[in-house]
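So the structure is just underneath, and the comments pick up after that.
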Amino acid sequence: MGQGHWPLFTTCLPASQKKSAHGDMQPKEPTENAILNSHKVHIIRDDPTENLRKFKRRKALVETKKKLSAWTILVALLGIVLMVVHTEVMWYSNCQWFPYLFLVKCSVSISTVILIILIIAFHLKEIQIFMNDNSLQDWRIAVNVKNIGWILLEVAVCAIHPFPYELQCVEEQGSNSERQALEFLSEVDIFLSILMFLRVYLLPRTVLLHSRMLGDTSYRSIGSLNKIKFQYKFVMKVLMNTCPGKVLLILSISLWIVSSWVLSVCERNNVPNGDMASALWLIPITFLTIGYGDMVPKTICGKLVCLSTGVMGVGCTALIVAVAAQKLEFTKAEKHVHTFMMDIRYMKQIKCAAANVLGEAWLLHRHTKKEDQAKTRQHQRNLLTAIHVFRHRRISHKNLKDQMNAMVDISKMQMIMYDLDLNFTSSHRELEKRIDQLDKKLDDISRLIVTTIESSQLSH
């Protein structure tokens, strides 16, 4: 390996009076301090002040990370709003508005550059937090190929936007009006404008960092003990369990508005009558999987938007059905009350059915003695009907009992198991005491036998 690598092995070997591992190549083994200084090894001691300093530094880094995430989502949404304003104004404007539209497009590019800088700063704070938590001095240890790939992918997604390459006004051809309108966006600009909505992925990150769960120390402590990772999925599950109606309403309306605007932009370039009102009618119909057929998209972009809207509509409908089923389900207290009342009801019905069976049996016996054939046949039929009703009530009550057995609380089961364990422990202790008493009695018996034998030997 080379002479320069020998100290790496000598640091792992204990100090001794014998020769070094590499013989005469090094006349004297280097001291521990020299080895540590030559390889820049930093020894971290368990100093309370050092731990407190690390904790304060981590808290400051987390606060900075929260602010960066908030500014990131604000700049991303600002870029999307500027892009929408540029697209809508360009459809209704003429060449006199070209300088202002060019400035708006340049503003989109400037906001994109600021967004990329904020994203890189956000990931740098993440690396600093990782280094602080693991007491690292070299940042290259905290970075691997996967992290670099995700950062580059995030930068590439946020860098997508329509670039301001137009240097002069391009009027729409085929117009005979005095004030000719501007030529609408090209297919490339439309595609880049639609892809800008991918920046919405920054929203779950901001919600996670500013959520109450991440800032609550007790919440994080209990979660870490149960090996729960505080990620976007967990936050969405919590929101869906706490306020599912609001989450689904906001999600559905947001999807409708964004999809309607994207569809209107896709259809506006080729269809003169493509407007926002028509798109706002077509998207909900497709989202709810109704599809009247009065309006259909003409372009490939519009068809893809409607297809994705239908898929999202099926998913949201499934979520709405699951939430509705959860809301209609009984709570534990309501289920106990309902089951208790049904048990009382079935017991009354069983008693009434048993009384009817006895009554019909007595009437059958009475009319059989009187040899009244018509009454006898009638009460035989009534008796069979009463027996059938009695059996049906018994079966219903048995099914209810099975449901009640399945509703046993875990706490009640724990109490029962605790009582059983306590009984077993007490019985085990009593058994040990009795065994000890038997041992003592056996010892006494053995002593008596020995004394009797010795006394008999002395007498002889």
Can you give me every donor-acceptor pair (side chain of residues 122-131, partner residue at least two apart or in another chain, under 3.5 Å) with its distance?
| unit_1 | atom_1 | unit_2 | atom_2 | d |
| --- | --- | --- | --- | --- |
| His123 | ND1 | Glu126 | OE1 | 3.3 |
| His123 | NE2 | Glu154 | OE1 | 2.8 |
| Glu126 | OE2 | Lys65 | NZ | 3.4 |

Please step through side chain to side chain contact (heavy atoms under 4.5 Å, CB included) for the pair Trp256 and Thr309, ending with a clear verdict.
CA-CA 8 Å; Trp256 287 1; Thr309 303; 5.6 Å; no
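- Around CD of Glu432, the count of heavy atoms belonging to other residues, nucleotides or ligands within 6.0 Å exceeds 12.
- The existence of a salt bridge linking Asp133 and Lys54 is excluded, since no basic side-chain nitrogen approaches an acidic carboxylate oxygen closer than 4.0 Å.
- Looking at every heavy atom in both residues, Val305 comes nearest to Cys266 through CG2-SG, 4.4 Å.
- Side-chain atoms of Leu248 and Met240, non-hydrogen and from C-beta on, do get closer than 4.5 Å to each other.
- Taking the six-membered ring where tryptophan is involved, the planes of Tyr346 and His397 are perpendicular, since the angle between them exceeds 60° and thus also 30°.
- Aromatic pair Phe390/His392: centroids not less than 6.0 angstrom apart.
- Contact annotation: the side chain of Leu115 approaches that of Arg199 to within less than 4.5 Å [non-hydrogen atoms, C-beta and beyond].
- Here Arg447 pairs with Asp444 in a salt bridge; the nearest charged N to carboxylate O distance falls below 4.0 Å.
- Using a 4.0 Å cut-off between a side-chain N of Lys or Arg and a carboxylate O of Asp or Glu, Arg140 and Asp138 qualify as a salt bridge.
- Ring pair Trp281/Tyr292 is parallel by interplanar angle, where below 30° counts as parallel and above 60° as perpendicular.
- Shown here are the disulfide (SG to SG under 2.5 Å) partners of Cys158, two or more places apart in sequence or in another chain: there are none.
- Using a 4.0 Å cut-off between a side-chain N of Lys or Arg and a carboxylate O of Asp or Glu, Arg53 and Glu50 qualify as a salt bridge.
- Between Val247 and Cys243 there is a side-chain heavy-atom pair separated by less than 4.5 Å.
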